[in-house]
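Worth knowing before you read on, the calculation uses all heavy atoms, side chains too, and leaves out hydrogens, waters and symmetry mates. Every chain is numbered from 1, with letters handed out A, B, ... down the list of sequences.
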Amino acid sequence: MSVLESFVVTLFSMSIVFFVLAFLWALIKILSTVLKHFENRKSENTAAQVATGMQAAVAAASEIGSVASISAGQVKLIDVDEKTAAMIMAIVSHESQIPLSELSFKSIKAL
Amino acid sequence: MSVLESFVVTLFSMSIVFFVLAFLWALIKILSTVLKHFENRKSENTAAQVATGMQAAVAAASEIGSVASISAGQVKLIDVDEKTAAMIMAIVSHESQIPLSELSFKSIKAL
Amino acid sequence: MSVLESFVVTLFSMSIVFFVLAFLWALIKILSTVLKHFENRKSENTAAQVATGMQAAVAAASEIGSVASISAGQVKLIDVDEKTAAMIMAIVSHESQIPLSELSFKSIKAL
Amino acid sequence: MFVDALKTIWSDSGFAALAWKECIMIGVAFFLIYLAIVKKFEPLLLLPIAFGMLLVNLPLSGLMNEPAEGSSGPGGLLHYLYMGVKLGIYPSLIFLGIGAMTDFGPLIARPSSLFMGAGAQFGIFAAFIIASALGFDPQEASSIGIIGGADGPTAIYLTTRLAPDLLPAIAIAAYSYMALIPMIQPPLMRLITTKKEREIKMEQLREVSKLEKICFPIIVSVFCILLLPSVAPLIGMLMLGNLFRESGVVERLSETAQNALINIVTIFLGVTVGATAVADRFLRLQTLMIIGLGLLAFMFSTVGGLLIGKLMCWLSGGKINPLIGSAGVSAVPMAARVSQIEGQKANKSNYLLMHAMGPNVAGVIGSAVAAGILLALFG
Amino acid sequence: MFVDALKTIWSDSGFAALAWKECIMIGVAFFLIYLAIVKKFEPLLLLPIAFGMLLVNLPLSGLMNEPAEGSSGPGGLLHYLYMGVKLGIYPSLIFLGIGAMTDFGPLIARPSSLFMGAGAQFGIFAAFIIASALGFDPQEASSIGIIGGADGPTAIYLTTRLAPDLLPAIAIAAYSYMALIPMIQPPLMRLITTKKEREIKMEQLREVSKLEKICFPIIVSVFCILLLPSVAPLIGMLMLGNLFRESGVVERLSETAQNALINIVTIFLGVTVGATAVADRFLRLQTLMIIGLGLLAFMFSTVGGLLIGKLMCWLSGGKINPLIGSAGVSAVPMAARVSQIEGQKANKSNYLLMHAMGPNVAGVIGSAVAAGILLALFG
Amino acid sequence: MFVDALKTIWSDSGFAALAWKECIMIGVAFFLIYLAIVKKFEPLLLLPIAFGMLLVNLPLSGLMNEPAEGSSGPGGLLHYLYMGVKLGIYPSLIFLGIGAMTDFGPLIARPSSLFMGAGAQFGIFAAFIIASALGFDPQEASSIGIIGGADGPTAIYLTTRLAPDLLPAIAIAAYSYMALIPMIQPPLMRLITTKKEREIKMEQLREVSKLEKICFPIIVSVFCILLLPSVAPLIGMLMLGNLFRESGVVERLSETAQNALINIVTIFLGVTVGATAVADRFLRLQTLMIIGLGLLAFMFSTVGGLLIGKLMCWLSGGKINPLIGSAGVSAVPMAARVSQIEGQKANKSNYLLMHAMGPNVAGVIGSAVAAGILLALFG
Ligand code: NA
Ligand code: NA
Ligand code: NA
């Protein structure tokens with residue numbers, strides 16, 4: 001293959017790469033817009049529900065003891081002291097062989 | 001295949017199905033009867049052994065501290081507060097991706 | 001195969017087995033000696049480093065609370081009470097289906 | 001020149017080759033993905049099946065291509081993974097895992113559950129009769145009937161042996177109706193049983209000894225395989241898995257059979273079964289008929305189980321709640337839960353779940369036996 | 001007589017058959033083991049590759065032998081395990097696992113990341129041009145270029161299809177340079193971007209809804225496979241894995257795809273790719289050229305990503321930090337971490353990691369697309 | 001008519017085809033299941049083997065059938081799963097897992113353990129001589145002898161290569177005697193060693209550095225495979241697994257090799273090895289002879305290990321307790337535990353377990369080397 005030809009291949013291929021990914025960009029944009037539209041309509045009701053749900057959860061937690069909700073990265077600690085939580089994460093990390101930095105707990109609760 | 005033939009196949013096949021499962025029914029009945037007979041003879045000795053074994057276990061637990069044996073579903077908590085146990089179960093459930101309702105711990109002990 | 005032949009095979013084969021394993025013995029001996037030599041040179045520096053490292057770790061641990069570093073088999077407990085550690089090990093053992101006697105934790109720290 | 005090149009890429013692309021049939025198939029795949037994710041219709045199988053169907057209907061992907069003869073080029077990815085379906089390996093391995101997950105205790109405690117598990121195979125043959133009358137040949141009619149067994153691996157195993165062309169339609173129908181059990185069964189249950197029957201509380205099941213549980217899979221294997229040798233790969237593996245579970249000495253193997261192995265096989269099975277759903281094979285009147293007949297099969301099976309339940313209720317002097325009969329269709333544990341729910345609707349303090357597990361697991365054996373008979377007759 | 005026997009064993013042993021070429025290869029294997037263990041160069045793949053290389057260069061082991069024709073004797077162990085590479089099965093299954101591990105959220109939140117993921121494929125074609133000029137044929141040049149995709153399974157998949165002879169060199173180069181990303185990229189990043197650009201703090205990404213995350217893999221599959229059918233095994237499996245992850249209804253399958261399945265396949269893939277590195281195929285000038293061209297490919301890809309980053313920085317009025325462009329080479333998540341580190345060097349309070357994850361995962365799609373184009377052109 | 005149909009089903013069923021030979025085989029299978037579950041005889045392998053034996057001796061199941069030539073019908077399930085045994089893949093993969101589970105530390109700390117591991121291979125050749133004298137051909141005699149290696153995968157690997165007809169008998173003998181180690185060895189240990197020798201307390205083993213543990217598998221692979229190329233699949237995979245373990249950088253792979261992979265392979269290996277035990281092949285005088293010779297092989301191996309132990313005790317001036325010699329038969333970790341128990345019987349404060357682990361793991365290498373020699377001589 002001559003160098004000229006390889007340049008043509010390159011130009012052509014890079015264009016396709018850009019074209020494909022640009023098209024994906026457009027698709028995602030459209031998707032997001034459409035879904036946003038849909039969800040907006042739903043969200044008002046849901047928001048209310050979530051609020052009451054949260055209150056219930058908080059109330060429940062309070063019954064047991066003092067609420068200490070701390071956010072550390074992806075972790076939400078609800079009524080658990082940081083020390084215990086860190087320990088738990090260390091154990092699970094050790095046991096599951098996932099580096100701590102990649103572990104994500106949504107929340108650790110003391111029920 | 002004519003409809004008549006298919007009726008014959010059906011009658012024949014359902015009979016076999018019933019015959020096979022009825023035979024299995026008989027086999028299980030026989031098995032249970034035979035095994036019951038066997039086990040009855042063994043059980044008296046064993047019962048005594050279990051009793052003493054339980055006493056020993058209770059005694060051992062008492063040495064360590066106060067015994068708080070609470071039964072929650074399949075879980076027996078021996079000298080562990082409920083809070084800790086629930087936390088542990090939540091972690092293991094999260095980590096092993098088994099819904100909490102399906103997890104069964106025989107017991108959680110603080111040694 | 002005549003019995004004589006089979007004796008010859010046996011003598012020959014056992015010699016090879018011994019020869020191979022004797023050679024491995026020699027290789028391991030050499031390896032150990034060489035590595036010892038290497039490591040001796042490094043160790044003095046490292047020892048110092050480890051010491052300071054340990055001090056730092058201890059200091060860090062002290063900041064949080066009282067240090068209780070107990071060695072139980074392969075487990076080093078840093079600022080964790082034995083009860084908690086044993087419980088953790090029991091859980092992990094149960095969950096991972098590894099008998100407790102085969103589980104080895106390098107350390108359980110309360111961060 | 002650039003425009004030319006783009007034109008070439010376009011003409012070599014799937015867009016150019018896309019026909020309306022494939023578009024419909026893609027739409028069907030989307031619908032199945034929706035059912036799997038949003039409606040949670042047996043997602044472990046329907047999601048891979050739907051995605052396999054999606055992939056194979058995007059033209060020119062060549063995912064199911066056989067290796068070209070005389071060429072060294074390899075075949076498509078899914079062609080190779082499909083081997084495990086074609087050779088009957090995956091369904092058997094899934095049964096190994098199911099066996100390791102199944103507790104036959106309730107069945108051993110009340111072996112008469114087996115009769116309900118037998119009665120609930122009636123739908124298989126009812127659908128067989130109708131399918132035959134509609135012009136399907138016996139092999140096809142058998143494969144359609146087996147949908148009424150409400151047991152995915154059995155249905156897939158039998159269909160690959162007897163009517164591989166119908167595989168995707170039958171697999172999809174089987175898993176979809178299994179997911180629809182909570183809608184299909186309750187009306188029939190209320191129709192066939194009286195309120196008084198539904199209120200019956202059952203005696204607690206006796207405890208089953210470990211020894212019984214260990215002997216059970218061995219006895220079932222020996223007897224069923226001796227009588228119906230063709231059922232060996234299904235019953236044999238189901239019972240091996242159960243023996244792993246109950247023996248208590250090979251927990252490693254039991255654990256792997258229930259997790260890594262069954263999951264890997266499920267992925268491969270689902271995707272490749274879905275990948276057999278090419279437009280030409282799927283978009284036929286047949287497929288609609290299969291879907292209709294599958295529903296009938298489920299309904300007749302439910303009725304069959306309930307009728308045996310009623311009979312046993314009467315024979316036992318009202319000790320057996322006929323609602324547990326419908327659990328005999330298998331669809332473990334969904335059908336047993338439906339029995340529980342209906343029982344509690346009639347009588348709040350009624351707990352039928354454990355009682356329904358007996359017919360439920362009996363139904364698995366029953367379907368496998370029925371499949372064995374059909375294989376022996378038409379294989 | 002004993003001495004005779006020993007002589008025979010000796011002459012049948014590998015010691016007698018050991019040539020200097022094999023010794024060099026064994027040395028190379030040792031060096032790669034050293035890199036994998038001590039320097040932690042992508043050990044999950046480099047360690048099996050290195051060990052496979054070691055085993056296959058110990059003479060007469062026959063591990064890669066095909067079964068002798070006309071004989072019933074079996075072939076070598078690695079010959080059979082290698083089938084999964086040859087048939088393109090392993091790379092696809094690894095992509096299934098990678099898909100299940102990948103969070104495309106940051107990409108969906110800022111889809112313009114895709115342009116950086118596209119720009120960072122430039123190295124593939126830069127290396128392609130140079131390799132062509134150096135006399136490699138187009139298939140070989142494509143395989144060499146794909147090293148610049150910084151994506152192991154894609155590189156292995158394309159190379160087995162286009163230039164299987166170069167497989168070991170390309171796989172080793174790809175994984176080695178991926179491990180060297182923290183050394184290759186920073187100088188180029190500092191060279192191409194200004195201090196001011198590097199200090200740019202980016203707006204927090206919006207939250208992405210679950211529904212978007214579920215639709216994403218489906219849309220990407222459909223569109224990419226329609227346009228480039230040859231990319232189906234890679235993109236299809238990547239997106240199936242991601243759908244398993246995001247659907248939330250098949251956690252069992254997702255978990256197995258991320259663990260047991262990908263690990264088993266990684267072992268087999270690594271060892272057998274290493275086992276293709278026999279002396280005669282590896283100890284050539286070509287291999288050195290591939291290693292050199294691979295480095296160039298990585299560098300050009302980095303530059304490509306950065307330049308698009310700069311362009312987007314300018315177009316967005318300084319809202320986008322061009323440092324995240326270099327993450328477009330993929331090498332997930334190493335390249336994104338490098339962006340984070342360089343960003344923080346310029347401005348202590350700069351957190352680019354999540355922003356760089358967008359181009360990073362876009363790069364995976366970009367490389368697969370590039371591979372699809374090369375397959376379409378030269379396959 | 002119904003009676004006719006039932007007659008047909010009966011005549012097509014396994015009951016009609018059941019001969020007394022199969023009944024005996026089924027009885028043997030029951031006995032092995034009993035040993036596996038109740039007596040806990042190496043249940044991980046004996047249970048699948050026994051169940052495979054049970055299944056294949058239920059007539060007409062066709063589980064081991066080859067696909068009919070010229071027909072498109074598939075072969076039996078176990079026929080396909082058996083491929084991994086026939087091609088030598090499963091034993092190698094089991095060795096990968098065993099390698100990942102094995103700590104060679106005690107062997108590295110006291111490499112002289114290797115001599116006991118060598119001496120304990122004596123039973124292999126003792127049984128070989130007797131088997132030859134009894135008229136077995138060299139291939140068969142080798143396979144019978146390897147039972148004395150007390151190492152299942154090695155025995156299975158060698159037997160599939162040299163005398164596949166004897167596979168079930170040899171596998172069953174090997175695993176049964178391994179389970180019987182606590183009964184076979186102690187009398188011989190007390191016979192050969194004096195009370196005073198048994199009381200010897202050994203010095204604590206030195207700590208072994210991580211670097212030594214990493215170099216060990218590499219050195220052993222290179223040297224053993226160079227000298228005996230035919231042993232590559234076993235030693236190579238064993239040492240690769242160990243390198244996964246000791247390198248500390250591929251814990252994912254090590255974990256999978258020790259769990260999902262080895263468990264899956266164990267299930268397939270066990271069931272299919274059992275499934276080779278058809279009546280005609282198993283119910284011969286040969287099988288009884290193999291069982292007898294296997295016991296002799298175990299006994300001679302124990303004696304060989306002990307004698308070397310005594311020699312080393314004497315050479316070391318009484319520092320080495322000869323009881324650890326018998327652990328050289330491998331059968332990890334059972335044989336080492338027997339040494340521990342006997343040591344403590346002689347002297348309550350005697351802890352030999354870690355010391356016995358050295359010869360124990362050396363025995364694994366020793367058996368593989370012996371297998372390599374036999375393969376080189378008679379393969
Ligand atoms: Na059923
Ligand atoms: Na890339
Ligand atoms: Na041995």
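- For Ile214(F), the part lying under 4.5 angstrom from a heavy atom of chain E is the side chain only.
- Comparing Ala17(E), Ala260(E), Pro48(E), Ser13(E) by how many heavy-atom pairs each has under 4.5 Å with chain F, the most go to Ser13(E).
- Interface residue Met239(F): backbone and side-chain heavy atoms are both found under 4.5 Å from chain E.
- Looking at Leu96(F), the atoms closer than 4.5 Å to chain E (heavy atoms on both sides) all sit in the side chain, from C-beta outward.
- Annotation: the span from Ile33(E) atom CD1 to Ile218(F) atom CD1 amounts to 4.0 Å, rounded to 0.5 Å.
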- Task: I would like to know whether Thr266(E) and Arg252(F) meet side chain to side chain contact (heavy atoms under 4.5 Å, CB included); could you show each step before the answer?
- Result: CA-CA 10 Å; Thr266(E) 301; Arg252(F) 287 180 71 105; over 6 Å; no
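- Leu58(E) approaches Ser221(F) most closely through the heavy-atom pair CD1-O, 4.0 Å.
- The structure places CG of Leu261(E) at 10.0 Å from OG1 of Thr256(F), a figure rounded to the nearest 0.5 Å.
- For a residue to count as touching a neighbouring chain, one of its non-hydrogen atoms must lie under 4.5 Å from one of that chain's; by this rule Leu63(E) touches chain F with the side chain only.
- Here Asn57(E) contributes atom CG and Ile225(F) contributes atom CD1; the two are 11.5 Å apart, rounded to the nearest 0.5 Å.
- For the options Ser92(F), Ser230(F), Pro217(F), Ala376(F), heavy-atom pairs under 4.5 Å to chain E are most numerous at Ser92(F).
- Between the OH atom in Tyr80(E) and the CG atom in Leu87(F) there is a gap of 4.5 Å [rounded to 0.5 Å].
- With a 4.5 Å cut-off on non-hydrogen atoms, Phe15(E) touches chain F through its backbone and its side chain both.
- Residues Arg161(F) and Gly75(E) share a closest heavy-atom pair of NH2-O, 4.2 Å.
- Of the listed residues (Gly248(F), Pro233(F), Pro229(F)), the greatest number of heavy-atom pairs within a distance under 4.5 Å of chain E belongs to Pro229(F).
- Considering only heavy-atom pairs separated by less than 4.5 Å from chain E, the leading option among Leu240(F), Leu93(F), Leu243(F), Leu228(F) is Leu240(F).
- Between the CG atom of Asn263(E) and the CZ atom of Phe244(F) there is a distance of 9.5 Å, given to the nearest 0.5 Å.
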- Test Leu44(E) against Leu253(F) for side chain to side chain contact (heavy atoms under 4.5 Å, CB included), laying out the working first. CA-CA 7 Å; Leu44(E) 290 175; Leu253(F) 305 186; 3.8 Å; yes
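- In terms of heavy atoms, Phe51(E) sits closest to Gly236(F) at CE2-O, 3.4 Å.
- Annotation: the span from Leu60(E) atom CG to Leu226(F) atom CG amounts to 9.5 Å, rounded to 0.5 Å.
- With a 4.5 angstrom heavy-atom cutoff, Gln258(E) touches chain F only via backbone atoms.
- For Phe268(E), the part lying under 4.5 angstrom from a heavy atom of chain F is the side chain only.
- Nearest approach of Val250(F) to Pro43(E), heavy atoms of both residues: CG1-O, 3.4 Å.
- Contact record, Ala36(E) with Val249(F): O-CG2, 3.9 Å, taken as the closest heavy-atom pair.
- Residue Val222(F) touches chain E through both its backbone and its side chain, counting heavy-atom pairs closer than 4.5 Å.
- Looking at residues two or more places apart in sequence or on another chain, you find a ring-ring contact (aromatic ring centres under 6.0 Å, His included) between Tyr177(E) and Phe298(E).
- The choice from Leu78(E), Asn259(E), Asp12(E), Val38(E) that makes the most heavy-atom pairs within less than 4.5 Å of chain F is Asn259(E).
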